[in-house]
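Notes follow once the structure below has been shown.
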Amino acid sequence: MRFQITNKKLSEIKADLELIFVVDKNLKHKFIKDEKAFKFANYKGESVLLLLESGRIYVPLNKLDYDELRIAAAKTYNAVKSLNVKSLKLASYVAGCQKMSFQALIEGFLLGAYEFNKYKEKKEKYALKDVIFSREEFSGEDVRENDAKDGFAHGEIIASATNFTKDVVNEIPEIYTPQKMAEEAQNLAKNYPNLSCKIYDEKFLEKEKMNAFLAVNKASVHPPRLIHLIYKPKGAKKRVIFVGKGLTYDSGGLSLKPADFMLTMKADKSGAAAAMGIIKGAAELNLPFEIHAILGATENMIGGNAYKPDDVLISRSGVSIEVRNTDAEGRLVLADCLSYAQDFKPDILIDMATLTGACVVGLGEYTSGIMGNNEELKAEFKAKAAKSGELNTILEFNPHLRELIKSQIADVSNTGSSRYGGAITAGLFLDKFIKDEFKDKWIHQDIAGPAYTEKAWGYNQAGATGAGVRMNLYYLCAMAKEL
Ligand code: BES
Ligand code: ZN
Ligand code: ZN
């Protein structure tokens with residue numbers, strides 16, 4: 001899709017279809033012209049109305065808000081994609097910041113247009129190619145062309161990073177092995193001059209005493225990979241390290257998941273996939289930070305050589321871990337990856353993981369859990385990520401829950417001793433592996449809910465959503481603006 005903005009009035013632009021967002025449910029605005037047809041169709045502005053004869057499509061926009069713009073754009077795309085509509089024209093709609101409004105719309109179109117059709121015999125070809133904005137604005141604002149163009153550029157980069165992550169997550173476990181993830185990362189590094197990539201195999205993990213990570217991999221026929229991507233622009237101002245859970249499949253291990261819960265566990269690599277998407281986006285946006293993505297890639301499988309409940313693992317940091325459930329494997333991989341990440345002295349350390357079902361139970365399928373020790377950092381993240389439209393909620397640590405991961409035989413247990421508070425006890429487990437000097441610099445993001453969806457919502461199709469990519473890129477962009 002191509003996006004452009006012109007000085008021409010909406011009525012002067014040539015296009016196959018005119019798009020009007022219905023903001024005012026009284027249907028009173030100078031862009032709204034089909035009152036007769038509305039009466040006929042009993043249209044109240046609550047759904048999409050396509051009027052082929054007048055060449056107009058009306059799409060509801062609940063309010064002028066960035067995420068509503070994304071949703072309305074995606075809705076539009078879905079409504080016209082199977083028509084022979086090659087070009088679409090619309091006015092400008094500003095919800096606060098001009099650049100952000102265009103950016104959100106472009107994200108909505110491009111995220112909404114995503115499809116994972118690799119395994120379908122019939123691949124649909126959609127006609128829509130051109131989206132043309134008029135500088136005529138909904139509320140009469142004077143639209144700055146440069147802001148619109150900046151919005152187009154950023155929107156395209158951020159949507160493309162998100163869609164890249166969706167491709168990684170949607171790919172099937174038979175194909176998307178740890179080795180495949182390593183190749184993908186190397187490929188990224190080849191395509192961007194400021195990116196470099198190091199791949200480490202099981203021998204390195206052994207040398208580094210990453211025994212928690214290695215234990216998870218034991219019963220897999222696919223060897224593990226520690227993937228380290230680095231984006232290093234000249235004169236970088238800060239070092240931000242992302243650590244991603246890259247379980248290319250999580251069967252639960254010997255604490256085997258029931259069949260219904262195992263399905264979708266190809267998505268257990270979503271944290272790592274998001275970290276790759278963020279690095280790709282950061283490189284294209286030329287962000288002024290040194291950004292690392294450290295990915296722990298392995299499967300969690302069963303077999304005679306599988307690690308077991310009752311095992312005690314000595315992690316890279318020296319902390320011993322009692323394994324009480326092999327399905328709490330993500331935190332084991334992350335424990336060693338976080339330990340490795342701190343060797344690189346991050347100014348900000350963020351891990352992303354589809355870590356717990358408890359987080360999904362607690363927050364619902366649409367929201368990520370944000371945890372950490374630094375109240376200010378968490379609040380800052382939340383505020384800066386807000387415009388991305390990704391939902392997140394801060395989950396507070398407390399000393400009572402910390403009690404629950406005590407072990408009688410080791411330094412820490414990999415499960416909480418209570419059925420309750422599982423998202424937070426998992427976060428507290430990770431905290432065991434954060435050194436004092438980084439306690440205040442660390443944020444844990446449990447993306448188990450939104451990373452993968454079995455039904456479409458908002459601008460997300462069924463399948464991977466690319467959770468984590470937008471909220472972190474928006475956070476980084478907002479931070480860059482403050483420099
Ligand atoms: N990958 C799962 C968490 C998950 C569940 C992600 C649902 C996405 C959707 C994780 O490895 C896991 O199985 N966690 C266990 C931990 C428990 C055994 C303490 C869980 O949440 O049940
Ligand atoms: Zn698991
Ligand atoms: Zn898992």
Side-chain angles (χ1 to χ4, degrees), residues 169-170 173 176 178 212-213 215-220 224 243-274 295-302 306-311 321-335 337 351-369 371 395 401 404-407 412-430 444-455 462-468:
V169 174
N170 281 327
Y176 216 96
F213 188 165
V216 175
N217 180 258
K218 272 178 79 182
S220 171
V243 173
K245 170 177 174 182
L247 264 285
T248 59
Y249 205 71
D250 179 13
S251 71
L254 290 181
S255 313
L256 194 64
K257 285 184 185 291
D260 288 354
F261 286 74
M262 202 183 294
L263 196 66
T264 75
M265 280 302 138
K266 67 172 183 182
D268 215 20
K269 57 182 171 324
S270 294
L295 322 175
T298 174
E299 283 184 334
N300 183 25
M301 299 301 282
I302 53 168
Y307 83 123
K308 305 170 188 73
D310 281 343
D311 273 342
I321 305 166
E322 178 190 0
V323 177
R324 293 180 68 87
N325 190 315
T326 62
D327 196 12
E329 85 299 336
R331 64 196 77 184
L332 302 176
V333 173
L334 288 177
C337 290
D351 76 75
M352 290 176 291
T354 44
L355 204 61
T356 65
C359 198
V360 195
V361 172
L363 302 183
E365 291 170 80
Y366 310 101
T367 305
S368 295
M371 287 159 256
L395 300 176
L401 286 171
L404 304 184
I405 53 168
K406 284 197 168 154
S407 160
V412 66
S413 160
N414 83 329
T415 62
S417 56
S418 155
R419 302 195 311 120
Y420 305 116
I424 298 176
T425 50
L428 286 164
F429 176 93
L430 297 179
H444 160 54
Q445 302 176 347
D446 192 333
I447 58 171
Y452 196 86
T453 175
E454 294 196 73
K455 53 173 190 356
T465 67

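For ligands, and for the atoms within them, numbers begin at 1 and follow the listed sequence. The first residue in the sequence is number 1, and the count goes up from there. Quantities reported herein were computed from a predicted structural model and do not represent experimental measurements.
Of all atoms in ligand 1, numbered sequentially from 1 with element shown, those under 4.0 Å from a heavy atom of Ala448 are 6 (C), 8 (C). Each of the atoms 2 (C), 12 (C), 13 (O) of ligand 1 lies under 4.0 Å from some heavy atom of Lys257. Taking a cut-off of under 4.0 Å to the non-hydrogen atoms of Met265, the atoms of ligand 1 that pass are 1 (N), 4 (C), 5 (C), 6 (C), 7 (C), 8 (C), 9 (C). For ligand 1, the atoms lying closer than 4.0 Å to a non-hydrogen atom of Lys245 are 1 (N), 10 (C), 11 (O).
In this structure, the separation between NE2 on His444 and CG on Leu430 is 5.0 Å, given to the nearest 0.5 Å. Atom CG in Leu401 sits 5.5 Å away from atom CD1 in Ile424 (nearest 0.5 Å). A distance of 12.5 Å separates OG1 of Thr298 from NZ of Lys218, quoted to the nearest 0.5 Å. Between atom CE of residue Met371 and atom CG of residue Leu355 there is a gap of 7.5 Å, rounded to the nearest 0.5 Å.
Residue Asp268: no N/O/S atom is found under 2.8 Å from the Zn ion (ligand 2). The Zn ion (ligand 3) lies under 2.8 Å from an N, O or S atom belonging to Lys245.
In summary, the side chains of Ser255 and Thr326 do present a donor paired with an acceptor at a separation below 3.5 Å, with no hydrogens or angles considered. Side-chain contact, Ser251 with Asn300: no donor N or O sits under 3.5 Å from an acceptor N or O. In this model, no donor atom of one side chain and acceptor atom of the other lie less than 3.5 Å apart for Asn325 and Thr415.
Ranking protein heavy atoms by distance to atom 20 (C) of ligand 1, first place goes to Gly357 N, 3.8 Å. In terms of protein heavy-atom proximity, atom 10 (C) of ligand 1 is closest to Leu355 O, 3.3 Å. Given atom 1 (N) of ligand 1, the protein heavy atom at minimum distance is Asp268 OD1, 2.8 Å. Remark: minimum distance from atom 2 (C) of ligand 1 to any protein heavy atom is reached at Asp250 OD2, 3.6 Å.
Other residues, nucleotides and ligands contribute more than 12 heavy atoms inside 6.0 Å of the NZ atom of Lys308.
Side-chain contact between Phe429 and Leu332 is present, with heavy atoms from C-beta onward closer than 4.5 Å.
If you look at Glu329 and ask which of its N, O or S atoms sits nearest the Zn ion (ligand 3), the answer is OE2. The nearest N/O/S atom of Asp250 to the Zn ion (ligand 2) is OD2.
Between Arg331, Glu365, Met262, it is Arg331 that holds the heavy atom closest to atom 19 (C) of ligand 1. Of the listed options Glu329, Lys269, Arg324, Glu329 places a heavy atom closest to atom 11 (O) of ligand 1.
Between the side chain of Lys266 and the backbone N or O of Asn170, at least one donor-acceptor pair lies under 3.5 Å.
Annotation: Asp327 places an N or O atom under 3.5 Å from an N or O atom of ligand 1; distance criterion only.
For the pair Leu247 and Glu329, the tightest heavy-atom approach, listed with the atom from each and the gap, is CG-OE2, 3.4 Å.
Proximity of Asn300 to ligand 1, defined as any heavy-atom pair under 4.0 Å, is not found for any part of the residue. With a 4.0 Å cut-off on non-hydrogen atoms, Asn325 touches ligand 1 through its side chain and not its backbone.
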